[in-house]
Amino acid sequence: MLALLGATAMMGTIATPASASTQETREFAGHGSSDFGLALFYARQDARAQANRAGFTDCEEYFKLVISPYDATVFWRCIR
């Protein structure tokens, strides 16, 4: 019996289950401040830079907190 299993393994006919495709989800918080009212732009730029450094390209903004045009935070959820 052991010889049969060994021969079968050598021929490559033993089926192995396919590895499941898993998606990784991660959240990023981007912070921005500006004296010229561009805080939201800078916050999104910060979140995008963090996601890119971590290897995430498929992202969505699920919450933004704009305290004033001069201070903002955005929250992104990304998958890969």
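Keep in mind that this is a model prediction, so the values were computed, not measured.
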Pairs in or reaching into residues 26-56: which pass disulfide (SG to SG under 2.5 Å), with residues at least two apart or in two chains?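 Those involving residues 26-56 do not exist here.
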Got a sec, which pairs hit disulfide (SG to SG under 2.5 Å) with one end in residues 21-56, sequence neighbours left out?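 Checked against disulfide (SG to SG under 2.5 Å) - neighbours excluded - no pair reaches residues 21-56.
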Over all heavy atoms of both residues, which pair between S33 and A39 is shortest? Give the atoms and the distance, please.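 In this case the closest contact between S33 and A39 is CA-CB, 4.1 Å.
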Taking ILVMFWY side chains as joined if any heavy atoms are under 4.5 angstrom apart, and letting links pass through other members, which residues group with F36?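 F36 shares its hydrophobic cluster with no other residue.
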Using side-chain heavy atoms (C-beta onward) and a distance below 4.5 Å, is S34 in contact with Y70?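 The answer is no; the side chains never approach within 4.5 Å.
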Going hydrophobic residue to hydrophobic residue with side-chain gaps under 4.5 angstrom, can you get from F63 over to I67?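 Yes, F63 connects to I67 through the hydrophobic network.
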Can you name the residues that form a ring pair (Phe, Tyr, Trp, His ring centres under 6.0 Å) with F56, not counting sequence neighbours?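 Checked F56 against ring pair (Phe, Tyr, Trp, His ring centres under 6.0 Å); matches are F28.
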Return a table of donor-acceptor pairs under 3.5 angstrom between the side chains of residues 71-80 and protein atoms on other chains or two or more places apart.
| from | atom 1 | to | atom 2 | distance (Å) |
| --- | --- | --- | --- | --- |
| T73 | OG1 | H31 | ND1 | 3.3 |
| W76 | NE1 | E61 | OE1 | 3.3 |
| R77 | NE | E27 | OE2 | 3.2 |
| R77 | NH2 | E27 | OE2 | 3.3 |
| R80 | NE | E24 | OE1 | 3.1 |
| R80 | NH1 | A54 | O | 2.9 |
| R80 | NH2 | E24 | OE1 | 3.0 |

